[in-house]
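Working notes, structure below.
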Number of protein chains: 2
Amino acid sequence: MDVLMQSLRIGINEKLYIKDPESSDLGKKIVEESILLIDEIGFESFTFKKLGARINSNESSIYRYFENKHKLLLYLASWYWGWMEYRMVFDTNGISNPVEKLSKAIEVLTQNVEEDNAFSHINEVVLNKIIINEYSKSYLVKEVNNEDKNGYFIVNKRLVGRLSEMIVAVDKGYAYPLSLASTILEGTLHQYFLKEHFPMLTNCNENVTPTQFFTDLIFRTLNLNVNG
Amino acid sequence: MDVLMQSLRIGINEKLYIKDPESSDLGKKIVEESILLIDEIGFESFTFKKLGARINSNESSIYRYFENKHKLLLYLASWYWGWMEYRMVFDTNGISNPVEKLSKAIEVLTQNVEEDNAFSHINEVVLNKIIINEYSKSYLVKEVNNEDKNGYFIVNKRLVGRLSEMIVAVDKGYAYPLSLASTILEGTLHQYFLKEHFPMLTNCNENVTPTQFFTDLIFRTLNLNVNG
DNA sequence: GCTAAAATAATAGTAATACTATCAATTATC
DNA sequence: GATAATTGATAGTATTACTATTATTTTAGC
């Protein structure tokens, strides 16, 4: 991504943090290192105490930024989906042909994540790994309805909505655009997980990508051919 | 389900429990009430202490059956998928036409769960709810590879394999039968979750079922028509 | 460059969790 | 009726998930 865009920020619901982590070095370090630590030891074993030790800071200081690790995960997830949305919109912006546009969107949303230098304190590759492994835990909780009311999932919802609209744009008659869109987004994470841990449950591997699987699925479902 | 089959048992990996819960009244009560309690308060808040209080038994007694709540969840998940597999095989058994067979399998795997009187101490309707809400947490853990080596996920894997074979049977040329099968199983849980908590992210509602969505998806993808 | 305010660190403390261990009381078996 | 197996009760430990208080350091304004 272009260096010109270095002042770009992903907008995140302010209720997800107590103090904006983007507003200080410590805050950025908390976000940066939490991604690495969650990836290393898993969300269940991750604690603010361990994170504090790792960044030579204090548990109590981290609590001044985030109420608890669940909110931190929601923050990271919002960042991730905001970033995906931004890239999807950016990369599909100039495309007028709806089929090409949808095709490009699927590509951006399902392809392997690569580092984006526009956001120096966030390692997108590792963040993608923790989204694959931990994202479900952010919404599969008893409090989900309340949290949704607080707007914690708004970015993901907007993204599903946008993808759904692109599906409608190529096939107004299709009865399940939202379900298809949500299946693609969630199924992508699942296919990457299976590829890593249950290779016998997926056809994705070094030679076959989730992008190919989902592109093929969408094109067959919407009765298109690859050239639009 | 027929009363004739009341001695039916779902086979579960013995490493998932310390003492077989089917072997005693207390064991059955643990399973029965854990399903209800997890549904009521969620897996995160669920503890063996609370379960003990609920069934007028003791925390320490429950620990003699299950090592921890994670193993209990794996046990419940194995039971659930074993039951689904059994019903899928049973209901598709006599069907020779591969398209009809696949169609029936999809129906069994995606339709709303109803109580099965063949297993008196398990409330399948509530178990289905906790699978929708908690199943991901059983495999989205750091230890997943080791647990897989222990065979904790064998039932689910076998089910994906069977469904994949049914897909191959109707379309030998289709390149992604495993990915499609795993997407259906996991996507079904997700669509039910969305229907309940994020209705704006799915087309499933009182009038449209996940079965319709997935049947349509499979038929379009494999280029079939509804009558086989 | 000094002061005041803000931010961070250090320490302590609490209730709950996730267990383990021990021993007592019941219940089943032979 | 004795013995073994099961279950229950109690206690104890390390860790988690915080909150509160106070000390120290950093920063910003003048």
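Throughout, a chain's letter reflects where its sequence line sits, starting with A, and its residues are numbered from 1. We use all heavy atoms of the structure for the numbers below, so side chains are in, but hydrogens, waters and symmetry mates are not.
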Handout entry: Closest to the A:Ser60 side chain, choosing from D:dA17, C:dA9, D:dA9
Key = C:dA9
Problem - SB check B:Asp148 B:Lys157 (cutoff 4.0 Å) - result: yes
Problem - First encountered from the 5' end of DNA chain D, between B:Lys19 and A:Lys49 - result: B:Lys19
Handout entry: Nearest-nucleotide comparison on DNA chain D, the residue closer to the 5′ end among B:Asn56 and A:Glu67
Key = B:Asn56
Exercise for the section: Answer yes or no: are there more than 12 heavy-atom neighbours, outside A:Asn207 itself, under 6.0 Å from its atom CG? Expected result: yes
Practice task
May I ask you to test the B:Arg158-B:Trp81 pair for a side-chain heavy-atom distance under 4.5 Å?
Solution key: no
Exercise for the section: Measure from the side chain of A:Asn58, starting at C-beta and using heavy atoms only, and say which of C:dA9, C:dT17, C:dC19 lies closest. Expected result: C:dA9
Handout entry: Spacing of B:Tyr17 atom OH relative to D:dT6 atom P, expressed in whole Å
Key = 14 Å
Exercise for the section: Check the distance between D:dT16's C1' and A:Lys50's NZ and give it to me in whole angstrom. Expected result: 9 Å
Fill in the blank from the handout: Testing D:dC18, D:dG8, C:dT8 for proximity to the side chain of A:Leu26, the answer is C:dT8
Problem - Proximal nucleotide (of C:dT11, C:dT8, C:dC23) relative to the B:Arg64 side chain - result: C:dC23
Handout entry: Residue B:Ser61, side-chain heavy atoms: nucleotide from D:dG8, C:dT8, D:dA17 that is nearest
Key = D:dG8
Practice task
Verify whether the ring centers belonging to A:Tyr135 and A:Tyr80 lie closer than 6.0 Å.
Solution key: no
Problem - Value in whole Å for how far the P atom of C:dC19 lies from CZ of B:Phe66 - result: 14 Å
Handout entry: From D:dT7, C:dA18, C:dA9, nucleotide with atom closest to B:Glu59 side chain
Key = C:dA18
Problem - Residues A:Glu32 and A:Lys29 bridged, charged N to O under 4.0 Å - result: no
Handout entry: Separation of atom CD1 in A:Ile62 from atom P in C:dA7, rounded to whole Å
Key = 17 Å
Exercise for the section: Report the distance from atom NZ of B:Lys71 to atom P of C:dA18, rounded to the nearest whole Å. Expected result: 15 Å
Handout entry: Whole-Å gap separating P (C:dA7) and OH (A:Tyr65)
Key = 8 Å
Practice task
Could you please name the option among C:dC19, D:dC18, D:dG8 that lies closest to any side-chain atom of B:Tyr63?
Solution key: C:dC19
Practice task
Would you kindly give the CG-to-C1' distance between A:Leu51 and D:dA17, to the nearest whole Å?
Solution key: 14 Å
Exercise for the section: Using atom CG of A:Asp25 as one end and atom C1' of D:dT25 as the other, report the distance to the nearest whole Å. Expected result: 15 Å
